[in-house]
Enquirer: 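Dropping a structure here in C-alpha coordinates format, bear with me for questions.
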There are 2 protein chains.
Amino acid sequence: MDRLMQSIKIGINEKIYVKDPESSDLGKRIVEQSILMIDEMGFESFTFRKLGDRINSNESSIYRYFENKHKLLLYLTSWYWGWLEYKMVFATNSISEPHIKLKKAIEVLTQTVKEDISFSHVNEILLNKIVINEYSKSYLTKEVDQENKEGYFVIYKRLVNRLQEIIIAVDKDYPYPSSLASTVLEGSLHQYFLREHFPKLTDCNASVTPTQYFTDLVFRALNHNDNG
Amino acid sequence: MDRLMQSIKIGINEKIYVKDPESSDLGKRIVEQSILMIDEMGFESFTFRKLGDRINSNESSIYRYFENKHKLLLYLTSWYWGWLEYKMVFATNSISEPHIKLKKAIEVLTQTVKEDISFSHVNEILLNKIVINEYSKSYLTKEVDQENKEGYFVIYKRLVNRLQEIIIAVDKDYPYPSSLASTVLEGSLHQYFLREHFPKLTDCNASVTPTQYFTDLVFRALNHNDNG
DNA sequence: TCAAATTTAATAGTATTACTATCATATATT
DNA sequence: AATATATGATAGTAATACTATTAAATTTGA
(Lines give C-alpha, C1' and ligand atoms only; values in the text may rest on other atoms or scores of the structure.)
Protein backbone atom coordinates (compact mmCIF):
# COMPACT_ATOMS: atom_id res chain seq x y z
CA MET A 1 0.00 0.00 0.00
CA ASP A 2 2.80 2.43 0.83
CA ARG A 3 4.34 2.43 -2.61
CA LEU A 4 1.00 2.64 -4.34
CA MET A 5 -0.12 5.66 -2.36
CA GLN A 6 3.10 7.51 -2.98
CA SER A 7 2.08 7.97 -6.58
CA ILE A 8 -1.50 8.99 -5.85
CA LYS A 9 -2.35 12.63 -5.55
CA ILE A 10 -5.44 13.48 -3.58
CA GLY A 11 -7.63 15.70 -5.73
CA ILE A 12 -8.72 18.72 -3.77
CA ASN A 13 -11.08 21.40 -5.05
CA GLU A 14 -8.90 24.06 -6.62
CA LYS A 15 -10.95 26.86 -5.16
CA ILE A 16 -9.74 25.93 -1.69
CA TYR A 17 -6.22 27.18 -2.40
CA VAL A 18 -4.80 30.15 -4.25
CA LYS A 19 -1.77 28.21 -5.39
CA ASP A 20 -1.44 24.44 -5.15
CA PRO A 21 0.78 23.71 -2.15
CA GLU A 22 1.83 20.44 -3.79
CA SER A 23 3.46 22.46 -6.57
CA SER A 24 6.41 23.80 -4.60
CA ASP A 25 8.74 23.18 -1.75
CA LEU A 26 7.36 26.13 0.20
CA GLY A 27 3.83 24.84 -0.30
CA LYS A 28 4.76 21.46 1.11
CA ARG A 29 6.45 23.04 4.10
CA ILE A 30 3.31 25.09 4.73
CA VAL A 31 1.22 21.93 4.78
CA GLU A 32 3.73 19.91 6.76
CA GLN A 33 4.40 22.49 9.46
CA SER A 34 0.84 23.75 9.74
CA ILE A 35 -0.20 20.22 10.72
CA LEU A 36 2.41 20.14 13.46
CA MET A 37 1.52 23.61 14.71
CA ILE A 38 -2.26 23.19 14.70
CA ASP A 39 -1.81 19.97 16.63
CA GLU A 40 0.46 21.67 19.14
CA MET A 41 -1.35 24.93 19.77
CA GLY A 42 -4.87 24.35 18.46
CA PHE A 43 -6.53 26.05 15.51
CA GLU A 44 -7.53 29.20 17.39
CA SER A 45 -3.99 30.11 18.44
CA PHE A 46 -2.46 29.16 15.12
CA THR A 47 -1.69 32.11 12.82
CA PHE A 48 0.04 32.57 9.47
CA ARG A 49 2.55 34.87 11.12
CA LYS A 50 3.60 32.15 13.55
CA LEU A 51 3.74 29.63 10.72
CA GLY A 52 5.92 31.98 8.69
CA ASP A 53 8.35 32.34 11.56
CA ARG A 54 8.46 28.60 12.05
CA ILE A 55 9.24 27.73 8.44
CA ASN A 56 11.60 30.69 8.03
CA SER A 57 9.33 32.20 5.47
CA ASN A 58 7.08 35.19 5.34
CA GLU A 59 3.47 35.66 6.32
CA SER A 60 2.73 37.24 2.96
CA SER A 61 4.17 34.25 1.12
CA ILE A 62 1.74 31.93 2.89
CA TYR A 63 -1.15 34.12 1.77
CA ARG A 64 -0.15 33.29 -1.80
CA TYR A 65 -1.10 29.68 -1.11
CA PHE A 66 -4.13 30.07 1.14
CA GLU A 67 -6.50 33.01 1.51
CA ASN A 68 -6.76 32.47 5.25
CA LYS A 69 -6.40 29.80 7.89
CA HIS A 70 -9.96 28.63 7.44
CA LYS A 71 -9.18 27.66 3.86
CA LEU A 72 -6.04 25.92 5.04
CA LEU A 73 -8.14 23.90 7.47
CA LEU A 74 -10.52 23.00 4.64
CA TYR A 75 -7.52 21.89 2.62
CA LEU A 76 -6.07 19.72 5.38
CA THR A 77 -9.37 18.09 6.27
CA SER A 78 -10.25 17.51 2.60
CA TRP A 79 -6.89 15.86 2.22
CA TYR A 80 -7.61 13.66 5.21
CA TRP A 81 -11.03 12.57 4.00
CA GLY A 82 -9.67 11.93 0.51
CA TRP A 83 -6.96 9.78 1.97
CA LEU A 84 -9.45 7.87 4.15
CA GLU A 85 -11.73 7.42 1.17
CA TYR A 86 -8.86 5.94 -0.78
CA LYS A 87 -7.99 3.56 2.03
CA MET A 88 -11.61 2.55 2.43
CA VAL A 89 -12.24 1.89 -1.24
CA PHE A 90 -8.95 0.04 -1.52
CA ALA A 91 -9.77 -2.16 1.48
CA THR A 92 -13.35 -2.96 0.54
CA ASN A 93 -13.26 -3.05 -3.24
CA SER A 94 -12.55 -6.73 -3.59
CA ILE A 95 -15.07 -7.84 -0.99
CA SER A 96 -18.33 -9.07 -2.48
CA GLU A 97 -20.16 -10.18 0.66
CA PRO A 98 -22.08 -7.08 1.77
CA HIS A 99 -21.80 -7.57 5.51
CA ILE A 100 -18.09 -8.32 5.41
CA LYS A 101 -17.64 -5.29 3.22
CA LEU A 102 -19.55 -3.13 5.70
CA LYS A 103 -17.57 -4.46 8.61
CA LYS A 104 -14.35 -3.63 6.82
CA ALA A 105 -15.58 -0.17 5.83
CA ILE A 106 -16.51 0.71 9.41
CA GLU A 107 -13.17 -0.61 10.56
CA VAL A 108 -11.17 1.57 8.19
CA LEU A 109 -13.31 4.65 8.76
CA THR A 110 -13.39 4.54 12.54
CA GLN A 111 -9.91 3.32 13.35
CA THR A 112 -7.27 5.70 14.60
CA VAL A 113 -4.34 6.16 12.35
CA LYS A 114 -1.40 4.28 13.77
CA GLU A 115 1.28 5.00 11.24
CA ASP A 116 1.18 5.85 7.60
CA ILE A 117 4.03 7.78 6.14
CA SER A 118 2.97 7.20 2.57
CA PHE A 119 3.00 10.88 1.78
CA SER A 120 6.25 12.34 2.98
CA HIS A 121 5.18 15.78 4.09
CA VAL A 122 1.83 14.83 5.61
CA ASN A 123 1.79 13.31 9.06
CA GLU A 124 -1.43 11.31 8.98
CA ILE A 125 -1.39 10.53 12.69
CA LEU A 126 -1.42 14.19 13.63
CA LEU A 127 -3.85 14.98 10.84
CA ASN A 128 -6.25 12.44 12.32
CA LYS A 129 -5.95 14.21 15.68
CA ILE A 130 -6.59 17.56 13.99
CA VAL A 131 -9.71 16.22 12.32
CA ILE A 132 -11.01 14.98 15.70
CA ASN A 133 -10.41 18.36 17.35
CA GLU A 134 -11.06 20.83 14.55
CA TYR A 135 -13.14 19.37 11.73
CA SER A 136 -16.47 20.63 13.05
CA LYS A 137 -15.15 24.17 13.02
CA SER A 138 -14.69 23.99 9.26
CA TYR A 139 -18.43 23.68 8.62
CA LEU A 140 -20.06 25.23 11.70
CA THR A 141 -19.92 28.66 10.11
CA LYS A 142 -22.28 31.18 8.60
CA GLU A 143 -20.62 30.61 5.22
CA VAL A 144 -21.30 26.86 5.09
CA ASP A 145 -24.00 26.98 2.42
CA GLN A 146 -21.94 29.14 0.09
CA GLU A 147 -18.84 27.02 0.62
CA ASN A 148 -20.81 23.83 0.16
CA LYS A 149 -22.14 25.20 -3.12
CA GLU A 150 -18.57 25.85 -4.21
CA GLY A 151 -17.75 22.22 -3.56
CA TYR A 152 -15.51 22.52 -0.53
CA PHE A 153 -17.02 19.49 1.16
CA VAL A 154 -17.41 17.13 -1.80
CA ILE A 155 -14.92 14.56 -0.60
CA TYR A 156 -16.55 14.18 2.78
CA LYS A 157 -19.98 13.98 1.21
CA ARG A 158 -18.81 11.32 -1.22
CA LEU A 159 -17.39 9.32 1.65
CA VAL A 160 -20.65 9.40 3.60
CA ASN A 161 -22.48 8.36 0.46
CA ARG A 162 -20.16 5.44 -0.12
CA LEU A 163 -20.78 4.19 3.40
CA GLN A 164 -24.49 4.66 2.98
CA GLU A 165 -24.44 2.52 -0.17
CA ILE A 166 -22.59 -0.23 1.63
CA ILE A 167 -25.20 -0.10 4.39
CA ILE A 168 -28.01 -0.38 1.86
CA ALA A 169 -26.35 -3.44 0.32
CA VAL A 170 -26.63 -5.17 3.69
CA ASP A 171 -30.20 -4.12 4.40
CA LYS A 172 -32.08 -2.44 1.60
CA ASP A 173 -35.07 -1.88 3.87
CA TYR A 174 -33.30 -0.01 6.62
CA PRO A 175 -35.03 3.39 6.62
CA TYR A 176 -32.13 5.64 7.66
CA PRO A 177 -28.98 4.65 5.76
CA SER A 178 -27.71 8.20 5.21
CA SER A 179 -28.24 9.22 8.80
CA LEU A 180 -26.56 6.05 10.01
CA ALA A 181 -23.58 6.66 7.74
CA SER A 182 -23.18 10.25 8.87
CA THR A 183 -23.63 9.20 12.49
CA VAL A 184 -20.81 6.66 12.20
CA LEU A 185 -18.37 9.11 10.66
CA GLU A 186 -19.12 12.05 12.87
CA GLY A 187 -19.84 9.99 15.95
CA SER A 188 -16.55 8.22 15.65
CA LEU A 189 -14.64 11.50 15.86
CA HIS A 190 -16.78 12.41 18.84
CA GLN A 191 -16.15 9.15 20.70
CA TYR A 192 -12.41 9.62 20.28
CA PHE A 193 -12.73 13.10 21.68
CA LEU A 194 -14.77 11.87 24.65
CA ARG A 195 -12.34 9.04 25.34
CA GLU A 196 -9.61 11.63 25.66
CA HIS A 197 -11.43 14.38 27.56
CA PHE A 198 -14.73 13.09 28.97
CA PRO A 199 -14.17 9.41 29.74
CA LYS A 200 -17.39 9.20 31.78
CA LEU A 201 -19.41 9.95 28.66
CA THR A 202 -18.17 7.01 26.63
CA ASP A 203 -17.57 3.29 26.98
CA CYS A 204 -14.54 3.56 24.77
CA ASN A 205 -11.28 3.30 26.66
CA ALA A 206 -7.89 1.64 26.41
CA SER A 207 -9.43 -1.72 25.59
CA VAL A 208 -12.69 -0.79 23.85
CA THR A 209 -12.46 1.12 20.58
CA PRO A 210 -14.97 3.32 18.77
CA THR A 211 -14.67 0.76 15.98
CA GLN A 212 -16.09 -1.96 18.24
CA TYR A 213 -18.89 0.28 19.44
CA PHE A 214 -19.97 1.38 15.97
CA THR A 215 -19.59 -2.06 14.40
CA ASP A 216 -21.83 -3.44 17.10
CA LEU A 217 -24.32 -0.58 16.78
CA VAL A 218 -24.62 -0.77 13.01
CA PHE A 219 -25.09 -4.52 12.94
CA ARG A 220 -27.68 -4.35 15.70
CA ALA A 221 -29.53 -1.74 13.67
CA LEU A 222 -29.57 -3.67 10.42
CA ASN A 223 -31.43 -6.83 9.53
CA HIS A 224 -28.88 -9.25 8.24
CA ASN A 225 -28.19 -12.95 8.19
CA ASP A 226 -24.61 -13.08 9.27
CA ASN A 227 -22.82 -10.76 11.66
CA GLY A 228 -19.52 -11.36 9.90
CA MET B 1 -45.28 23.76 32.90
CA ASP B 2 -44.92 27.45 32.01
CA ARG B 3 -45.78 28.78 35.43
CA LEU B 4 -43.69 26.17 37.20
CA MET B 5 -40.58 26.95 35.21
CA GLN B 6 -40.90 30.66 35.78
CA SER B 7 -39.92 30.14 39.38
CA ILE B 8 -37.02 27.78 38.67
CA LYS B 9 -33.54 29.19 38.33
CA ILE B 10 -31.08 27.12 36.38
CA GLY B 11 -27.99 26.66 38.51
CA ILE B 12 -24.91 27.49 36.50
CA ASN B 13 -21.35 27.11 37.76
CA GLU B 14 -20.42 30.45 39.30
CA LYS B 15 -16.96 30.38 37.81
CA ILE B 16 -18.44 30.78 34.34
CA TYR B 17 -19.46 34.38 35.01
CA VAL B 18 -17.86 37.30 36.81
CA LYS B 19 -21.18 38.66 37.96
CA ASP B 20 -24.44 36.74 37.78
CA PRO B 21 -26.36 38.08 34.76
CA GLU B 22 -29.62 37.09 36.45
CA SER B 23 -28.88 39.61 39.18
CA SER B 24 -29.52 42.77 37.17
CA ASP B 25 -31.41 44.26 34.30
CA LEU B 26 -28.22 44.82 32.33
CA GLY B 27 -27.21 41.19 32.88
CA LYS B 28 -30.52 39.99 31.51
CA ARG B 29 -30.22 42.23 28.48
CA ILE B 30 -26.74 40.84 27.85
CA VAL B 31 -28.10 37.30 27.86
CA GLU B 32 -31.20 38.17 25.88
CA GLN B 33 -29.52 40.17 23.14
CA SER B 34 -26.42 37.98 22.86
CA ILE B 35 -28.71 35.10 21.95
CA LEU B 36 -30.30 37.14 19.18
CA MET B 37 -26.96 38.39 17.90
CA ILE B 38 -25.12 35.05 17.93
CA ASP B 39 -28.01 33.53 16.04
CA GLU B 40 -27.96 36.35 13.50
CA MET B 41 -24.26 36.74 12.84
CA GLY B 42 -22.68 33.55 14.18
CA PHE B 43 -20.34 33.21 17.12
CA GLU B 44 -17.19 34.21 15.21
CA SER B 45 -18.51 37.60 14.12
CA PHE B 46 -20.14 38.35 17.44
CA THR B 47 -18.17 40.72 19.70
CA PHE B 48 -18.77 42.44 23.03
CA ARG B 49 -18.36 45.79 21.32
CA LYS B 50 -21.21 45.04 18.93
CA LEU B 51 -23.33 43.73 21.79
CA GLY B 52 -22.65 46.90 23.77
CA ASP B 53 -23.79 49.06 20.88
CA ARG B 54 -26.92 46.99 20.45
CA ILE B 55 -28.04 47.16 24.06
CA ASN B 56 -26.98 50.80 24.42
CA SER B 57 -24.43 49.85 26.97
CA ASN B 58 -20.70 49.75 27.10
CA GLU B 59 -18.22 47.06 26.13
CA SER B 60 -16.49 47.44 29.48
CA SER B 61 -19.76 46.90 31.33
CA ILE B 62 -20.24 43.56 29.59
CA TYR B 63 -16.78 42.49 30.71
CA ARG B 64 -18.01 42.91 34.25
CA TYR B 65 -20.40 40.01 33.64
CA PHE B 66 -18.34 37.72 31.43
CA GLU B 67 -14.58 37.47 31.03
CA ASN B 68 -14.89 36.88 27.31
CA LYS B 69 -17.30 35.61 24.69
CA HIS B 70 -16.19 32.03 25.17
CA LYS B 71 -17.40 32.16 28.78
CA LEU B 72 -20.65 33.69 27.60
CA LEU B 73 -21.11 30.77 25.21
CA LEU B 74 -20.43 28.36 28.07
CA TYR B 75 -23.07 30.19 30.07
CA LEU B 76 -25.69 30.09 27.33
CA THR B 77 -25.12 26.44 26.49
CA SER B 78 -25.07 25.43 30.17
CA TRP B 79 -28.34 27.22 30.54
CA TYR B 80 -29.76 25.33 27.58
CA TRP B 81 -28.66 21.92 28.84
CA GLY B 82 -29.94 22.72 32.31
CA TRP B 83 -33.26 23.67 30.86
CA LEU B 84 -33.42 20.51 28.73
CA GLU B 85 -32.45 18.42 31.73
CA TYR B 86 -35.28 19.94 33.67
CA LYS B 87 -37.75 19.23 30.89
CA MET B 88 -36.49 15.70 30.54
CA VAL B 89 -36.65 14.85 34.23
CA PHE B 90 -40.04 16.46 34.49
CA ALA B 91 -41.39 14.50 31.52
CA THR B 92 -39.97 11.11 32.49
CA ASN B 93 -40.07 11.19 36.27
CA SER B 94 -43.48 9.65 36.66
CA ILE B 95 -42.96 6.92 34.10
CA SER B 96 -42.09 3.56 35.61
CA GLU B 97 -41.95 1.39 32.50
CA PRO B 98 -38.31 1.58 31.37
CA HIS B 99 -38.89 1.47 27.63
CA ILE B 100 -41.64 4.09 27.71
CA LYS B 101 -39.41 6.24 29.87
CA LEU B 102 -36.57 5.88 27.38
CA LYS B 103 -38.81 6.70 24.47
CA LYS B 104 -39.97 9.84 26.24
CA ALA B 105 -36.44 10.84 27.19
CA ILE B 106 -35.21 10.54 23.60
CA GLU B 107 -38.23 12.47 22.45
CA VAL B 108 -37.59 15.40 24.78
CA LEU B 109 -33.83 15.43 24.19
CA THR B 110 -33.90 15.25 20.40
CA GLN B 111 -36.91 17.39 19.60
CA THR B 112 -36.50 20.89 18.30
CA VAL B 113 -37.80 23.59 20.50
CA LYS B 114 -41.05 24.88 19.09
CA GLU B 115 -42.01 27.51 21.58
CA ASP B 116 -41.23 27.99 25.21
CA ILE B 117 -41.29 31.44 26.62
CA SER B 118 -41.15 30.30 30.21
CA PHE B 119 -38.14 32.46 30.95
CA SER B 120 -38.83 35.92 29.71
CA HIS B 121 -35.40 37.01 28.58
CA VAL B 122 -34.24 33.70 27.09
CA ASN B 123 -35.48 32.75 23.66
CA GLU B 124 -35.27 28.96 23.80
CA ILE B 125 -35.95 28.50 20.10
CA LEU B 126 -32.94 30.57 19.11
CA LEU B 127 -30.88 29.08 21.91
CA ASN B 128 -31.57 25.64 20.48
CA LYS B 129 -30.31 26.87 17.11
CA ILE B 130 -27.22 28.30 18.76
CA VAL B 131 -26.50 24.99 20.46
CA ILE B 132 -26.78 23.18 17.12
CA ASN B 133 -24.38 25.58 15.43
CA GLU B 134 -21.97 26.53 18.18
CA TYR B 135 -21.93 24.04 21.04
CA SER B 136 -18.98 22.02 19.73
CA LYS B 137 -16.86 25.14 19.70
CA SER B 138 -17.25 25.46 23.46
CA TYR B 139 -15.34 22.23 24.12
CA LEU B 140 -13.16 21.73 21.04
CA THR B 141 -10.43 23.87 22.57
CA LYS B 142 -7.00 23.40 24.07
CA GLU B 143 -8.40 24.47 27.46
CA VAL B 144 -11.07 21.76 27.63
CA ASP B 145 -9.40 19.66 30.32
CA GLN B 146 -8.81 22.61 32.60
CA GLU B 147 -12.33 23.92 32.07
CA ASN B 148 -13.79 20.49 32.59
CA LYS B 149 -11.88 20.24 35.86
CA GLU B 150 -13.41 23.54 36.91
CA GLY B 151 -16.85 22.10 36.30
CA TYR B 152 -17.92 24.08 33.25
CA PHE B 153 -19.54 21.05 31.63
CA VAL B 154 -21.22 19.42 34.62
CA ILE B 155 -24.76 19.95 33.43
CA TYR B 156 -24.16 18.35 30.05
CA LYS B 157 -22.32 15.44 31.65
CA ARG B 158 -25.14 14.90 34.12
CA LEU B 159 -27.62 14.89 31.26
CA VAL B 160 -25.69 12.25 29.33
CA ASN B 161 -25.47 10.18 32.50
CA ARG B 162 -29.19 10.41 33.10
CA LEU B 163 -29.87 9.14 29.60
CA GLN B 164 -27.34 6.38 30.04
CA GLU B 165 -29.10 5.21 33.21
CA ILE B 166 -32.43 5.12 31.44
CA ILE B 167 -30.82 3.04 28.69
CA ILE B 168 -29.42 0.60 31.23
CA ALA B 169 -32.85 0.23 32.80
CA VAL B 170 -34.14 -1.05 29.47
CA ASP B 171 -31.24 -3.38 28.75
CA LYS B 172 -28.76 -3.90 31.53
CA ASP B 173 -26.58 -6.08 29.30
CA TYR B 174 -26.11 -3.57 26.51
CA PRO B 175 -22.33 -3.02 26.49
CA TYR B 176 -22.17 0.63 25.40
CA PRO B 177 -24.80 2.66 27.29
CA SER B 178 -22.62 5.75 27.79
CA SER B 179 -21.52 5.85 24.19
CA LEU B 180 -25.06 5.39 23.01
CA ALA B 181 -26.27 8.20 25.25
CA SER B 182 -23.57 10.60 24.07
CA THR B 183 -24.21 9.57 20.47
CA VAL B 184 -27.90 10.40 20.78
CA LEU B 185 -27.29 13.84 22.27
CA GLU B 186 -24.47 14.90 20.03
CA GLY B 187 -25.74 13.07 16.97
CA SER B 188 -29.10 14.74 17.28
CA LEU B 189 -27.54 18.19 17.02
CA HIS B 190 -25.58 16.92 14.03
CA GLN B 191 -28.61 15.53 12.22
CA TYR B 192 -30.39 18.87 12.61
CA PHE B 193 -27.37 20.59 11.16
CA LEU B 194 -27.22 18.18 8.22
CA ARG B 195 -30.92 18.52 7.55
CA GLU B 196 -30.40 22.24 7.17
CA HIS B 197 -27.13 22.32 5.25
CA PHE B 198 -26.29 18.87 3.88
CA PRO B 199 -29.62 17.18 3.16
CA LYS B 200 -27.94 14.40 1.15
CA LEU B 201 -26.15 13.23 4.27
CA THR B 202 -29.24 12.56 6.32
CA ASP B 203 -32.63 10.92 6.01
CA CYS B 204 -34.14 13.58 8.20
CA ASN B 205 -36.25 16.07 6.31
CA ALA B 206 -39.55 17.89 6.56
CA SER B 207 -41.39 14.70 7.43
CA VAL B 208 -38.74 12.59 9.17
CA THR B 209 -37.29 13.92 12.41
CA PRO B 210 -34.03 13.18 14.21
CA THR B 211 -36.28 11.97 17.02
CA GLN B 212 -37.69 9.22 14.82
CA TYR B 213 -34.26 8.21 13.59
CA PHE B 214 -32.73 8.00 17.06
CA THR B 215 -35.73 6.36 18.67
CA ASP B 216 -35.59 3.68 15.99
CA LEU B 217 -31.82 3.31 16.31
CA VAL B 218 -31.77 3.01 20.08
CA PHE B 219 -34.57 0.45 20.20
CA ARG B 220 -32.95 -1.59 17.46
CA ALA B 221 -29.74 -1.57 19.45
CA LEU B 222 -31.28 -2.67 22.73
CA ASN B 223 -32.78 -6.00 23.66
CA HIS B 224 -36.23 -5.30 24.95
CA ASN B 225 -39.66 -6.83 25.04
CA ASP B 226 -41.83 -4.01 23.93
CA ASN B 227 -41.01 -1.25 21.51
CA GLY B 228 -43.43 1.10 23.20
C1' DT C 1 23.56 31.79 -21.16
C1' DC C 2 21.19 35.92 -20.74
C1' DA C 3 16.77 38.15 -20.25
C1' DA C 4 12.30 37.77 -18.77
C1' DA C 5 9.04 35.94 -15.86
C1' DT C 6 7.84 34.17 -11.62
C1' DT C 7 8.30 33.30 -6.79
C1' DT C 8 9.60 34.57 -2.37
C1' DA C 9 11.09 37.84 1.26
C1' DA C 10 11.04 42.15 3.73
C1' DT C 11 8.76 45.93 5.32
C1' DA C 12 5.08 48.77 6.28
C1' DG C 13 0.48 49.87 6.94
C1' DT C 14 -4.79 49.38 8.11
C1' DA C 15 -8.93 48.02 10.43
C1' DT C 16 -10.58 45.15 13.86
C1' DT C 17 -10.41 42.39 17.99
C1' DA C 18 -9.94 41.45 22.68
C1' DC C 19 -9.05 43.12 26.06
C1' DT C 20 -7.33 46.65 30.55
C1' DA C 21 -7.29 51.00 32.99
C1' DT C 22 -9.05 55.21 34.58
C1' DC C 23 -12.32 58.32 35.83
C1' DA C 24 -16.88 60.32 35.83
C1' DT C 25 -21.66 59.78 36.61
C1' DA C 26 -25.83 57.60 37.83
C1' DT C 27 -28.38 54.72 40.98
C1' DA C 28 -29.28 52.20 45.11
C1' DT C 29 -28.64 51.45 50.14
C1' DT C 30 -28.25 52.72 54.96
C1' DA D 1 -27.13 63.05 53.06
C1' DA D 2 -23.33 60.02 52.87
C1' DT D 3 -21.63 56.04 51.04
C1' DA D 4 -21.28 52.20 48.22
C1' DT D 5 -22.00 50.11 43.96
C1' DA D 6 -23.05 49.77 39.10
C1' DT D 7 -22.64 51.64 34.77
C1' DG D 8 -20.82 54.62 31.08
C1' DA D 9 -17.30 57.13 28.44
C1' DT D 10 -12.93 57.41 26.83
C1' DA D 11 -8.45 55.97 25.93
C1' DG D 12 -4.95 52.82 25.27
C1' DT D 13 -2.34 48.27 24.14
C1' DA D 14 -0.96 44.12 21.88
C1' DA D 15 -2.30 40.94 18.63
C1' DT D 16 -4.77 39.46 14.52
C1' DA D 17 -5.89 39.25 9.83
C1' DC D 18 -5.07 40.88 6.39
C1' DT D 19 -3.23 44.27 1.84
C1' DA D 20 0.25 46.77 -0.69
C1' DT D 21 4.68 47.75 -2.32
C1' DT D 22 9.17 46.89 -3.50
C1' DA D 23 13.30 44.24 -3.60
C1' DA D 24 15.82 40.00 -4.06
C1' DA D 25 16.21 35.38 -5.44
C1' DT D 26 15.11 31.69 -8.43
C1' DT D 27 13.30 29.47 -12.40
C1' DT D 28 12.32 29.23 -17.33
C1' DG D 29 12.82 29.21 -21.88
C1' DA D 30 14.58 31.29 -26.34
Side-chain angles (χ1 to χ4, degrees), chain A residues 14-34 37-38 40-76 121 134 137-138 140-143 146-147, chain B residues 14-34 37-38 40-76 121 134 137-138 140-143 146-147:
Chain A
E14 292 183 7
K15 284 183 224 143
I16 288 182
Y17 48 76
V18 181
K19 179 181 174 176
D20 186 356
E22 292 286 323
S23 71
S24 75
D25 179 65
L26 178 61
K28 285 174 191 159
R29 269 156 57 222
I30 289 172
V31 169
E32 178 182 30
Q33 295 297 319
S34 67
M37 286 183 81
I38 293 172
E40 281 168 26
M41 61 179 64
F43 188 66
E44 278 69 35
S45 300
F46 168 80
T47 69
F48 278 5
R49 180 172 291 267
K50 290 174 187 169
L51 176 59
D53 289 350
R54 170 108 155 216
I55 63 179
N56 292 314
S57 176
N58 201 276
E59 195 187 7
S60 59
S61 302
I62 299 167
Y63 277 104
R64 292 211 185 76
Y65 286 85
F66 295 100
E67 270 176 67
N68 50 50
K69 70 175 181 173
H70 174 245
K71 288 282 179 77
L72 172 58
L73 180 61
L74 286 173
Y75 180 87
L76 295 177
H121 63 291
E134 322 287 0
K137 298 170 193 169
S138 75
L140 293 176
T141 68
K142 278 285 169 188
E143 297 77 33
Q146 181 56 37
E147 295 190 344
Chain B
E14 292 184 7
K15 285 184 224 145
I16 288 182
Y17 47 76
V18 181
K19 178 182 173 174
D20 186 356
E22 292 287 324
S23 71
S24 74
D25 179 64
L26 178 60
K28 285 174 192 160
R29 268 156 58 221
I30 289 171
V31 168
E32 177 181 31
Q33 294 297 317
S34 67
M37 287 184 81
I38 293 172
E40 281 168 25
M41 60 179 64
F43 188 66
E44 279 69 36
S45 299
F46 168 79
T47 69
F48 279 4
R49 181 172 291 267
K50 290 173 187 169
L51 177 58
D53 289 351
R54 170 106 156 217
I55 63 180
N56 293 312
S57 175
N58 201 273
E59 196 186 6
S60 58
S61 302
I62 299 167
Y63 278 104
R64 292 204 186 85
Y65 286 85
F66 294 101
E67 271 177 65
N68 49 52
K69 68 174 181 173
H70 173 246
K71 288 282 179 76
L72 172 58
L73 181 61
L74 286 173
Y75 180 87
L76 295 177
H121 62 292
E134 322 287 0
K137 297 170 193 168
S138 76
L140 293 177
T141 68
K142 279 284 168 189
E143 298 76 32
Q146 181 57 37
E147 295 189 344

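Everything numeric in this text was worked out from a predicted model, so none of it was measured. In the text below, chain A, chain B and the rest are named by the order of the sequence lines, each starting its count at 1.
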Enquirer: From the set dT7(D), dT7(C), dT10(D), return the single nucleotide nearest to any side-chain atom of Asn58(B).
Expert: dT10(D)
Enquirer: Rounded to the nearest angstrom, tell me the gap between atom CZ in Arg29(B) and atom C1' in dA6(D).
Expert: 12 Å
Enquirer: Give, ordered by number, those residues of residues 45-54 of chain B having at least one heavy-atom distance below 4.0 Å to an atom of DNA chain C; if nothing qualifies, reply none.
Expert: Thr47(B), Arg49(B), Lys50(B)
Enquirer: What integer distance in Å separates Glu59(A):CD from dA10(C):C1'?
Expert: 12 Å
Enquirer: Give the rounded distance in Å between these two atoms: CD of Glu44(A) and C1' of dC19(C).
Expert: 17 Å
Enquirer: Let me know the distance between CG of Leu26(B) and P of dT5(D), rounded to the nearest Å.
Expert: 18 Å
Enquirer: I'd like to know if Lys50(B) and Glu40(B) make a salt bridge, using a cut-off of under 4.0 Å between side-chain N and carboxylate O.
Expert: no
Enquirer: May I have the distance from Ile30(A) (atom CD1) to dT7(C) (atom C1'), rounded to whole angstrom?
Expert: 12 Å
Enquirer: Closer than 4.0 Å, any side-chain N/O of Lys19(A) to the OP1 or OP2 of dT8(C)?
Expert: yes
Enquirer: Can you see if the side chain of Ser60(B) gets near the phosphate of dG8(D) - specifically, an N or O under 4.0 Å from OP1 or OP2?
Expert: no
Enquirer: Does Ser24(A) have a side-chain nitrogen or oxygen under 4.0 Å from the phosphate oxygens OP1 or OP2 of dT8(C)?
Expert: yes
Enquirer: What I want to find out is whether Lys142(B) reaches Glu44(A) closely enough, with some N-O distance under 4.0 Å, to be called a salt bridge.
Expert: no
Enquirer: Under 4.0 Å, heavy atoms only, any strand: does Asp25(B) hit a base, just the sugar-phosphate, or nothing?
Expert: nothing
Enquirer: Inspect the contact between Asp53(B) and Arg49(B) and indicate whether a charged nitrogen and a carboxylate oxygen are less than 4.0 angstrom apart.
Expert: no
Enquirer: Let me know which of Leu26(A), Val31(A), Leu72(A) forms a side-chain contact (heavy atoms from CB on, under 4.5 Å) with Tyr65(A).
Expert: Leu26(A)
Enquirer: Are OP1 or OP2 of dT7(D) and a side-chain N or O of Ser57(B) less than 4.0 angstrom apart?
Expert: no
Enquirer: Does Ser60(A) have any side-chain contact (heavy atoms from CB on, under 4.5 Å) partners at least two apart in sequence or in another chain, and if so, which?
Expert: Asn58(A)
Enquirer: Tell me which residues in residues 62-74 of chain B lie within less than 4.0 Å of DNA chain D, going by non-hydrogen atoms.
Expert: Arg64(B), Tyr65(B)
Enquirer: Can you tell me how the ring of Phe46(A) sits relative to the ring of Phe43(A), calling it parallel under 30°, perpendicular over 60° and tilted otherwise?
Expert: parallel
